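Data first, discussion second: the structure below is written as structure tokens.
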Amino acid sequence: MSTAVMSSAGPRKGGFRKESMSSRGHRLKDLYPEMESWGAGFLARVWLVFTRTNGLKADVPEERDEAFPEYVVQTLMDMAAARDPKCRPVMLPDEIRK
């Protein structure tokens, strides 16, 4: 009986297919041109956190998910508010938008 050897060719954690973070990031930039100036690897990691937080499949989607940029903006606002309690949100609540 032979012993199974684990290799780096096996499935990776997080649900991503075998594809570099940079490659995933560039595909995300195609879907989200407003994030073009971001580093590709960084954008891919932000996507991974977004999908884990929301219980979604981690693969890069074929179509835009508007919840992703909203998540990014809300996260940045939360981080700013945590650093400076005087920081006020600039987004309007859903009830006011209507």
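Since the structure is predicted, the reported quantities are computational estimates derived from the model, not experimental observations.
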Checklist entry - For the side chain of Tyr71 and the backbone of Trp47, is there at least one donor-acceptor N/O pair under 3.5 Å apart? => result no
Next on the checklist: Looking at every non-hydrogen atom in both residues, tell me the closest pair between Pro61 and Leu31 and how far apart they are.
Outcome noted: O-CD1, 3.3 Å
Checklist entry - Distance from Glu36 atom CD to Leu43 atom CG, nearest 0.5 Å? => result 9.5 Å
Checklist entry - So do the side chains of Leu28 and Trp38 get within less than 4.5 Å of each other, counting heavy atoms only? => result no
Next on the checklist: Show the nearest heavy-atom pair for residues Gly25 and Ala44, with the distance to one decimal.
Outcome noted: N-CB, 3.9 Å
Item to check | Atom pair CD/CG of Glu70 and Asp65 - distance to nearest 0.5 Å | outcome: 8.5 Å
Next on the checklist: Show, in sequence, the C-alpha distance, side-chain angles and deciding distance for Phe68 and Thr51, and conclude whether the side chain to side chain contact (heavy atoms under 4.5 Å, CB included) test is met.
Outcome noted: CA-CA 9 Å; Phe68 179 56; Thr51 57; over 6 Å; no
Checklist entry - Got Phe50 and Val72 here, is their nearest side-chain heavy-atom distance under 4.5 Å? => result no
Checklist entry - Which pair of non-hydrogen atoms, one from Ser22 and one from Ala40, has the smallest distance, and what is that distance? => result O-CB, 3.5 Å
Checklist entry - Between Arg45 and Met21, which heavy-atom pair has the shortest distance, and what is it? => result CG-CE, 3.0 Å
Next on the checklist: Quick one, Leu48 with Arg24, criterion side chain to side chain contact (heavy atoms under 4.5 Å, CB included). Give me CA distance, side-chain angles, the key distance, then yes/no.
Outcome noted: CA-CA 10 Å; Leu48 183 59; Arg24 284 182 221 121; over 6 Å; no
Item to check | Exam field: side chain Asn54 to backbone Leu56, donor-acceptor pair closer than 3.5 Å | outcome: no
Item to check | Shared hydrophobic cluster for Leu76 and Tyr32 (ILVMFWY, side-chain gaps under 4.5 Å) | outcome: yes
